[in-house]
Amino acid sequence: MTTTPTPATTPGEAAVRSTPTSDDPSDNAITVRGLVRRYGRGADAFEAVRGLDLDVRRGSVTALLGTNGAGKTSTLEVVEGLARATEGEVRVLGLDPVRDRAEVRRRTGVLLQSSGFSGDLTVVETARMWHSTLSAPRPVDEALGMLDLAGRADVKVRSLSGGERRRLDLACTLMGRPELVLLDEPTTGLDPESRREVWRLVRGLRSAGATVVITTHYLDEAEALADRLEIMHAGRIVRSGTAGEIAAGHPSTITFDRLERALPDLPGGQVDPSSYGEPRTVLHTVDLQVTLTALLDWARTEGIRLDALDARTASLESVFLAIADGASTTGTPAATDLPKGA
Amino acid sequence: MSSTTPLASLDLTPAPADAPRVGPLRRLVGLARANALLLTRNRMTLSYALLLPLLPLTFLLAGDRGDTTAGTTAMSSVLMLGALFPVFYNLLSLVVTRRDELVLKRLRTGEARDGEILLSMALPGVVAFVLISAVATVALLALGQPAPANPVVAIAAVLLGAAAFAGLAFWTAAWTRNAEAAQLTSMPVILIAVVGNLRAVFPERLQPFVDLTPGAALDALARAGWFGQDVEGAELSFAETFTTAAEPLLVLAAWTALAVWLTLRTMRWEPRA
């Protein structure tokens, strides 16, 4: 695991934290089995979620990753109790999110993908309204201060920037002191500083014992925050684990500017056929160190210079892109065309 | 951001799982308060909701003082416009707009129940309708018209009328695509409201059907509750005002039940995809 990339902001931590999925449901804040979510009927029917299993351990941060249309939001909406599952079983805090709605909601904080507030109310009026609906809320001022909105309290929601509106949304999500927090793309549209602040909140929630599920397009965000990543594609979870675990077993890559001569046989290495005739030669290898050493030895012996040499282990990004292309996944049915709008 | 509230000082500990649950009344009042604020934010909506329904009273200034024919027409029109504007149309556009803004979906992620969310949207308009009816009653007295013949019937008329037209607003909202479309989708309900004031225009054999509309029920109740008359203008005893009011009250209750049933079956909480 020495070549495993570690998250930039919490070195090594993710791997240590990683806990294998437990079969004991009491350890889970969320348990999903065989979830299918179908829109429409008959010929127009479209399956956004196609038999999804998911376990979220209490006190962990789980990131749900996937391209647009992978089914992330469709899955979250069932967990949130906003939509019913077409098939399958969902337990949230040991309860049914639709039937036990009142009990589940009291302990859950939800951030939807799109904010939903009336433009004609001010920030503080909106926060007060939300406050009135909560069982054990933190004070309005505290909630607004947490997301640096105290100075914007009397501004109409209509006049807020996209990032400010998102922060107001998040302030409402956290106002009820939830033990389970479901965040659907919380940092989309935020400036880098606000984004870091959201990261700190998520880490703070985790330290305080809350469970967080976050969907995101940002791989660095998932790597930095999550104990466990769940990569979705075409309505299923196709890879799970820490960033390191997910990248492990995927080939490393060596690239350099094309040489005007043939390469020798390199142990473990293989030229990517798609790079033939391209300006850059791409090698894939299961053992980066051995292949790279052989390549460099050969180059020194022959007196060849390898321009713009680049060697990297498989990263979360490369695995994610491979999945998004429908190319690589272990034990996954062949990816079909990407569904849209789910 | 961190300069204002250092995260270290924030307590993000979840509330205890057995924390007492907030009461439905607190949620309802909190949500209704926000909806009332929204109503006051829009001058146009506010004047339509509060002033327009009182306009028929001005006819009384022109006619003979104490002329109950003019009085019944005025009060009947006030009830119709009060049910149509603050209750029906205001609520219809509120539901559709807030659904488009994803406010309804957001609210449903919280602790408020569906019924509380809906009721909180209806309440400001219903309160406005009650106020309008009260103001109109006082204005009638001041303009030489009699005091309400049967206050119980009058109050029941306002409350059941509000319930019926609020229910119809939710049902209409369920199949209204957006706020602009509401100008057209509101027509069926506007028709069954206005038809009550035009009852006399219809041939006699159609009148029993007209009597089944909520508009005609409100008209009959205005006559019985405020003026002690039946729809033909005959004087009623106090006991007779109850029996005469029973049918239109039942009509309003039936429309309310129908609207609630339809709403439960067809309510949409987020915009069509």
Side-chain angles (χ1 to χ4, degrees), chain A residues 39 80-82 93 101-103 105-112 114-121 125-126 128-138 142 145-148 150-151 156 167 169 172-174 176-180 182 193-194 196-197 200-201 203-205 207-210 341, chain B residues 1-42 45 94 97-114 116-117 120-121 269-271 273:
Chain A
Y39 295 92
E80 289 156 358
L82 289 178
L93 302 170
R101 174 169 158 182
E103 176 64 15
R105 293 297 166 77
R106 191 168 59 87
R107 296 159 63 187
T108 314
V110 172
L111 182 82
L112 294 174
S114 307
S115 299
F117 292 119
S118 294
D120 280 337
L121 290 180
E125 285 163 355
T126 303
R128 269 193 214 125
M129 174 194 75
W130 194 257
H131 187 270
S132 73
T133 66
L134 300 170
S135 288
R138 64 181 77 246
E142 185 188 317
M146 265 167 69
L147 285 134
D148 199 26
K156 293 239 173 90
R167 272 155 41 203
D169 213 349
C172 291
T173 301
L174 300 179
R177 305 176 192 276
E179 62 179 279
L180 172 63
L182 305 167
E193 196 194 350
S194 303
R196 294 286 162 160
E197 198 60 24
R200 292 178 60 211
L201 281 171
R203 292 198 182 109
L205 283 165
S207 317
Chain B
M1 280 172 79
S2 51
S3 54
T4 46
T5 317
L7 190 60
S9 72
L10 273 182
D11 181 13
L12 291 165
T13 312
D18 57 353
R21 199 178 290 171
V22 62
L25 195 63
R26 185 173 183 276
R27 291 195 293 258
L28 187 60
V29 170
L31 293 173
R33 206 172 151 249
N35 287 321
L37 268 175
L38 279 173
L39 182 62
T40 64
R41 289 286 141 86
N42 190 330
T45 321
L94 186 68
T97 308
R98 300 201 90 194
R99 181 175 61 202
D100 275 356
E101 291 173 333
L102 295 172
V103 175
L104 298 187
K105 186 176 184 185
R106 183 69 175 102
L107 284 174
R108 287 189 85 228
T109 66
E111 289 186 51
R113 317 274 174 95
D114 293 353
E116 292 160 9
I117 295 171
S120 76
M121 287 192 285
W269 295 95
E270 48 187 300

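The analysis underlying the following values was restricted to heavy atoms, covering all of them including side chains, and did not include hydrogens, waters or symmetry mates. The sequence lines fix the lettering, A, B, ..., with proteins before strands; numbering per chain opens at 1.
- Among R138(A), R177(A), R203(A), the one residue that satisfies the side chain to side chain contact (heavy atoms under 4.5 Å, CB included) test with L12(B) is R138(A).
- Looking at D114(B), the atoms closer than 4.5 Å to chain A (heavy atoms on both sides) sit in the backbone and in the side chain alike.
- Minimum heavy-atom separation, R101(A) to R108(B): NH1-NH2, 3.3 Å.
- Checking side-chain atoms of E179(A) against main-chain N and O of A15(B) turns up no donor-acceptor pair under 3.5 Å.
- Atoms CG and OG, on L25(B) and S132(A) in that order, are 11.0 Å from each other to the nearest 0.5 Å.
- Atoms OG and CG, on S118(A) and L37(B) in that order, are 10.5 Å from each other to the nearest 0.5 Å.
- If you measure heavy-atom distances from R41(B) to chain A, the contacts under 4.5 Å come from the side chain alone.
- Pairing each heavy atom of M129(A) with each of G30(B), the nearest pair is CG-O, 4.1 Å.
- The structure places CD of E270(B) at 8.5 Å from CG of L112(A), a figure rounded to the nearest 0.5 Å.
- Ranking L180(A), D169(A), L174(A) against chain B, the residue ahead of the rest is D169(A), based on heavy-atom pairs under 4.5 Å.
- Within the 4.5 angstrom heavy-atom criterion, atoms from both the backbone and the side chain of R106(A) approach chain B.
- Proximity to chain A is limited to the side chain of R98(B), based on heavy atoms less than 4.5 angstrom apart.
- The distance from the CG atom of L107(B) to the OG1 atom of T133(A) is 7.5 Å, given to the nearest 0.5 Å.
- Neither the backbone nor the side chain of E80(A) comes within contact range of chain B; no heavy atoms are under 4.5 Å apart.
- Closest approach of E101(B) and G119(A) over heavy atoms only: OE2-N, 4.0 Å.
- Counting only heavy atoms from C-beta outward, the side chains of H131(A) and R26(B) approach each other to under 4.5 Å.
- Chosen from G109(A), A136(A), A208(A), the residue pairing most often with chain B at heavy-atom distances under 4.5 Å is A208(A).
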Discussion item. Quick one, R106(B) with T173(A), criterion side-chain hydrogen bond (donor to acceptor under 3.5 Å, both in side chains). Give me CA distance, side-chain angles, the key distance, then yes/no.
Written reply: CA-CA 10 Å; R106(B) 183 69 175 102; T173(A) 301; 2.9 Å; yes
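- Proximity to chain A is absent for every atom of P24(B), based on heavy atoms less than 4.5 angstrom apart.
- At a 4.5 Å heavy-atom cutoff, the contact between S115(A) and chain B is made by backbone atoms alone.
- Separating the CG atom in L39(B) from the CG atom in D120(A) is a distance of 11.0 Å, to the nearest 0.5 Å.
- Interface summary for chain A: among A112(B), P16(B), G110(B), the most heavy-atom pairs under 4.5 angstrom belong to G110(B).
- Interface remark: of the candidates P20(B), A32(B), G23(B), P20(B) forms the most heavy-atom pairs closer than 4.5 Å to chain A.
- Top candidate by heavy-atom pairs under 4.5 Å with chain A, chosen from L38(B), L104(B), T13(B), T109(B), is T109(B).
- Side-chain contact between S135(A) and E111(B): present, with at least one pair of heavy atoms (C-beta onward) separated by less than 4.5 Å.
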